[in-house]
Amino acid sequence: MKTDSLPSVDARRKFLGKLGLAAATCAGAAVGGALGVFAPAAARAAASGSFPTKDYDWTKHRWAFGVDATKCIGCLRCVEACKTENSVPGNPHQFRTWVERHVYLEGESHARVDSHHDAKNIAASGAPDRYRFDNRYEGAKVDKAFFVPKLCNQCEHPACVQVCPVGATYQTKDGVVLIDEKHCIGCRYCVQACPYGVRYFNEEKGVPDKCNWCYHRITKGLQPACVDACPVGARVFGNSLDRQSPISLFIRNNRVTVLRPESGNSPRVFYVGIDREVN
């Protein structure tokens, strides 16, 4: 770990001060919970009725995401679109969304899994900011294979929100989990708490980052960049409060599943066409 990536002494002092304030608040409160509920970001979120755009009412939306693994072709246009839209570092090791390739060879009971940041795939791409899957299984006896797009699950009960000591990670009224970079102290507790490994640490900014379903787009009536970029409709998005929205129809008309349901996080990304082994 680089020394300059650690929280500064001043930041740590502020952090400790906020811990003391939160502890005092907890002691006098009749109800409580995660320390983050008393922090600035969460307080602002609760008080605002039209965040983040003037005409957006987040009480009338409950966003959800669908992934159809039977359609995904592993083109990785979603990864490229996400990086461009959200200014994610161009290197193959930091990303808000990714795609895994699951391959079952004849005679094997477990899948072989790789993604765009696998060393062989990086070599096959020809450049660190281009993404593709190599042809390692060409000529092999493949019993079954499929691609699995992954991203932040925007859980109903997000572990990352519970562990944030300063409330920099918080959940909005429409269900999306956001990060307030101004209040984040870079402790990385949220990175460790996420059971899905969807967060990375941005060394340049000194804060963690993750997919937020392109919140700046969806609150203006647009689709997430990855959904727009998918050429086969493998990614589905919409307001689950609207029974006729694409995501409501996707959930209602398919036998969907979520990743790691035993974690208790209650993910809001619903999958079709994956095995139980996918987690």
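Bear in mind the structure is a predicted one, so any value in this text is a computation, not a measurement.
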Check your understanding: Val166 and Cys184: side-chain contact (heavy atoms from CB on, under 4.5 Å), yes or no, with the steps?
Key -> CA-CA 7 Å; Val166 294; Cys184 178; 5.9 Å; no
So, do [X] and [Y] sit near enough that their side-chain heavy atoms are less than 4.5 Å apart?
X: Val278; Y: Leu259; answer: yes
X: Cys72; Y: Val99; answer: yes
X: His61; Y: Val176; answer: no
X: Arg268; Y: Cys155; answer: no
X: Ser245; Y: Ser240; answer: no
X: Pro208; Y: Cys190; answer: yes
X: Arg252; Y: Arg243; answer: yes
X: Lys220; Y: Ile218; answer: no

Under a 3.5 Å threshold, yes or no: a donor from one side chain and an acceptor from the other, between [X] and [Y]?
X: Tyr215; Y: Asn86; answer: no
X: Tyr56; Y: Asp174; answer: yes
X: Asp114; Y: Asn121; answer: yes
X: His102; Y: Glu100; answer: yes

Quick one: do [X] and [Y] end up in the same hydrophobic cluster if we chain Ile, Leu, Val, Met, Phe, Trp and Tyr together by side-chain heavy atoms under 4.5 Å apart?
X: Tyr196; Y: Tyr271; answer: yes
X: Phe250; Y: Val148; answer: no
X: Phe133; Y: Val79; answer: yes
X: Val67; Y: Ile247; answer: no
X: Leu178; Y: Leu151; answer: yes

Practice item. Show the numbers, then the answer: is there a side-chain hydrogen bond (donor to acceptor under 3.5 Å, both in side chains) between Arg276 and Thr257? Key: CA-CA 9 Å; Arg276 291 183 178 180; Thr257 187; over 6 Å; no
Taking 4.0 angstrom as the limit, do [X] and [Y] come out as a salt bridge?
X: Arg136; Y: Asp134; result: yes
X: Arg217; Y: Asp228; result: yes
X: Arg96; Y: Asp209; result: yes
X: Asp242; Y: Arg62; result: no

Distance-only, no hydrogens or angles: does the [X] side chain make a donor-acceptor pair with backbone N or O of [Y] under 3.5 Å?
X: Glu85; Y: Cys214; result: no
X: Asn265; Y: Pro267; result: no
X: Asn212; Y: Ile179; result: no
X: Ser248; Y: Gln244; result: no
X: Lys83; Y: Pro89; result: yes
X: Asn254; Y: Val256; result: no

Exercise for review: Flag the pair Tyr131 / Phe95 as yes when their ring centroid distance falls below 6.0 Å, and as no otherwise.
Suggested key: no
Check your understanding: Are there more than 12 heavy atoms of other residues, nucleotides or ligands under 6.0 Å from atom CZ of Arg132?
Key -> yes
Review point. Any idea how Phe237 and Trp63 line up, ring-wise: parallel (<30°), tilted (30 to 60°), or perpendicular (>60°)?
Key: parallel
**Study point:** Sole candidate of Lys150, Lys210, Arg235 that passes side-chain contact (heavy atoms from CB on, under 4.5 Å) when paired with Thr97
**Key:** Arg235
Study note, to complete from the structure: From the list Cys152, Cys226, Pro149, Cys211, side-chain contact (heavy atoms from CB on, under 4.5 Å) partner of Phe65 resolves to Cys226
Spatial distance of atom [atom1] ([X]) from atom [atom2] ([Y]) [nearest 0.5 Å]:
X: Asn91; Y: Tyr200; atom1: CG; atom2: OH; answer: 8.5 Å
X: Ser125; Y: Asp118; atom1: OG; atom2: CG; answer: 11.0 Å
X: Cys187; Y: Phe201; atom1: SG; atom2: CZ; answer: 9.0 Å

**Study point:** Criterion salt bridge (charged side-chain N to carboxylate O under 4.0 Å, His left out) on Lys144 and Asp275, from CA distance to verdict
**Key:** CA-CA 11 Å; Lys144 180 173 63 173; Asp275 292 345; 3.0 Å; yes
Check your understanding: Is Arg112 positioned over the aromatic face of Tyr104, cation under 6.0 angstrom from the ring centre and no more than 45 degrees off axis?
Key -> no
